[in-house]
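Numbers here simply count residues along the sequence, with the first being 1. Both backbone and side-chain heavy atoms feed into the values below; hydrogens, waters and symmetry mates do not.
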Amino acid sequence: MAMVSVNPIRTAGMVAILLVSGCASLSNFAPGLGASSGRAELTEVGAPSGATAAPAPITEGGAPLPRQDYTRAGEKIAYQPQPNPYSGVQTPVPAEATAAFRAAQALLDAEQYRDARIAFRQMTRDYPTLSGPWVKLGEIADKREYPEKAEEAYRKAIEVNPDNINAYLALALHLRRKGSFAAAEQAYIDVLTLWKDCPPAHLNLAILYDLYLNRPELAQPHYEAYDFLTGGDNPEVENWLVEVRRRTGIETSFIDQPPELPEPTPATPVAAEQGVAPEPSDKG
């Protein structure tokens, strides 16, 4: 399929963000285990019980979008993003699992892939309800260039915990890298169906549509969603949104659509203003 005709410098920047945003999320496969966190416990999390998703517009590609709501008077209502279902409810994990994970991660960081794989594999046997070790096994398989094993591990992580957002993101990035664009699209749609306010999923899906599938009209809503959810803090993405709008010719927002307010009703003029003579009075 033909690629979108774009500036190569811009393309390189977009691919870099695609890789970084996908990989960055993997470092936090479970809360408390990111490089920047000082928490000692490992937790496995799931969706809050009884949680309901707010109605959201659906793009042509099938992925939900955030929506800016308004009061009846036409004033914006502060947007409240849905919480990440993977961090919604935390179940403490035994200290032994935390120690095992940290030891396996240290091996992975040292690029001792064989020993790291053995360690994470053992975790899947000892702690079968944890999905994080499966994500790490997929990451190791990707590094060792075993794509079939990587995909199998990512899908197993999703099977163990269907709310593991990072497993979906890792799977989507893996599929995109090996050229399975339709499958990658579906994986991002799955993320957004689970959590419509996931910024990296919107951005990576936009880039997939823009660069790899030549569908700028499908990319535009997701660039806009990313820009909306992050408060416009990425000037480069804002520039891409301007550029893709120029290509599609679509200027109407997919996210922010103010309601049409009713025209004010003109006041009824009083009798004197209408030139009607007042009725005679019996007084004086």
Side-chain angles (χ1 to χ4, degrees), residues 6 9-29 31 34-37 45 47-48 51-59 61 63-88 163 165-166 168-169 172-173 188-211 216-248 250-259:
V6 293
I9 296 177
R10 171 176 170 271
T11 303
M14 295 174 77
V15 173
I17 286 187
L18 178 74
L19 298 177
V20 171
S21 60
C23 294
S25 62
L26 300 185
S27 66
N28 296 314
F29 87 99
S36 61
S37 174
V45 295
T52 57
I58 305 295
T59 65
L65 296 170
R67 180 180 60 193
Q68 174 64 62
D69 289 328
Y70 286 79
T71 66
R72 291 183 178 180
E75 298 176 347
K76 284 187 178 183
I77 299 173
Y79 187 75
Q80 298 295 328
Q82 288 183 338
N84 180 346
Y86 187 48
S87 59
D163 290 334
I165 292 294
N166 293 328
Y168 290 97
L169 292 172
L173 183 61
Y188 285 127
I189 290 174
D190 290 343
V191 174
L192 294 171
T193 300
L194 184 61
W195 182 29
K196 68 180 175 64
D197 294 326
C198 178
H202 281 294
L203 178 59
N204 287 335
L205 182 56
I207 294 174
L208 179 70
Y209 283 140
D210 194 1
L211 286 185
E217 75 283 2
L218 295 184
Q220 183 173 331
H222 294 289
Y223 281 137
E224 185 180 348
Y226 176 85
D227 191 60
F228 174 75
L229 292 169
T230 59
D233 65 353
N234 191 322
E236 192 168 21
V237 173
E238 285 190 328
N239 290 337
W240 298 343
L241 180 55
V242 170
E243 192 270 341
V244 81
R245 279 175 175 154
R246 188 176 332 48
R247 281 189 282 144
T248 63
I250 302 172
E251 292 297 333
T252 303
S253 172
F254 290 88
I255 311 296
D256 189 350
Q257 299 179 359

Tell me which pairs pass salt bridge (Lys or Arg N to Asp or Glu O under 4.0 Å) where either residue lies in residues 75-86, with sequence neighbours left out. Lys76-Asp256
Where is the tightest heavy-atom contact between [X] and [Y], given as atom of each residue plus distance?
| X | Y | result |
| --- | --- | --- |
| Phe254 | Pro221 | CG-CB, 3.8 Å |
| Pro64 | His222 | O-CE1, 4.4 Å |
| Leu205 | Ala63 | CD2-CB, 4.0 Å |
| Pro259 | Gly74 | CG-CA, 4.4 Å |
| Pro258 | Tyr70 | CG-OH, 3.3 Å |
| Leu229 | Pro199 | CB-CG, 4.2 Å |

Spell out, as yes or no, whether a donor-acceptor pair under 3.5 Å connects the side chain of Gln257 to the backbone of Ser253. yes
For the pair Asn204 and Leu173, evaluate side-chain contact (heavy atoms from CB on, under 4.5 Å) and give the outcome as yes or no after the intermediate values. CA-CA 8 Å; Asn204 287 335; Leu173 183 61; 5.8 Å; no
Distance in Å, [X] [atom1] paired with [Y] [atom2], rounded so as to fall on 0.5 Å steps:
| X | Y | atom1 | atom2 | answer |
| --- | --- | --- | --- | --- |
| Asp197 | Gln82 | CG | CD | 5.5 Å |
| Asn166 | Asn84 | CG | CG | 7.5 Å |
| Gln80 | Asp69 | CD | CG | 11.0 Å |
| Asn239 | Glu243 | CG | CD | 9.5 Å |
| Asp233 | Tyr226 | CG | OH | 6.0 Å |
| Arg246 | Glu251 | CZ | CD | 9.5 Å |

Minimum side-chain heavy-atom gap [X]-[Y] below 4.5 Å:
| X | Y | answer |
| --- | --- | --- |
| Cys198 | Leu192 | yes |
| Pro66 | His202 | yes |
| Asp210 | Trp240 | no |
| Arg247 | Gln220 | no |

ring-ring contact (aromatic ring centres under 6.0 Å, His included) with Tyr79: which residues, sequence neighbours excluded? Phe228
Please identify each residue that fulfils side chain to side chain donor-acceptor pair (under 3.5 Å) with Asp227, with sequence neighbours left out.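 Not a single residue meets the side chain to side chain donor-acceptor pair (under 3.5 Å) criterion with Asp227.
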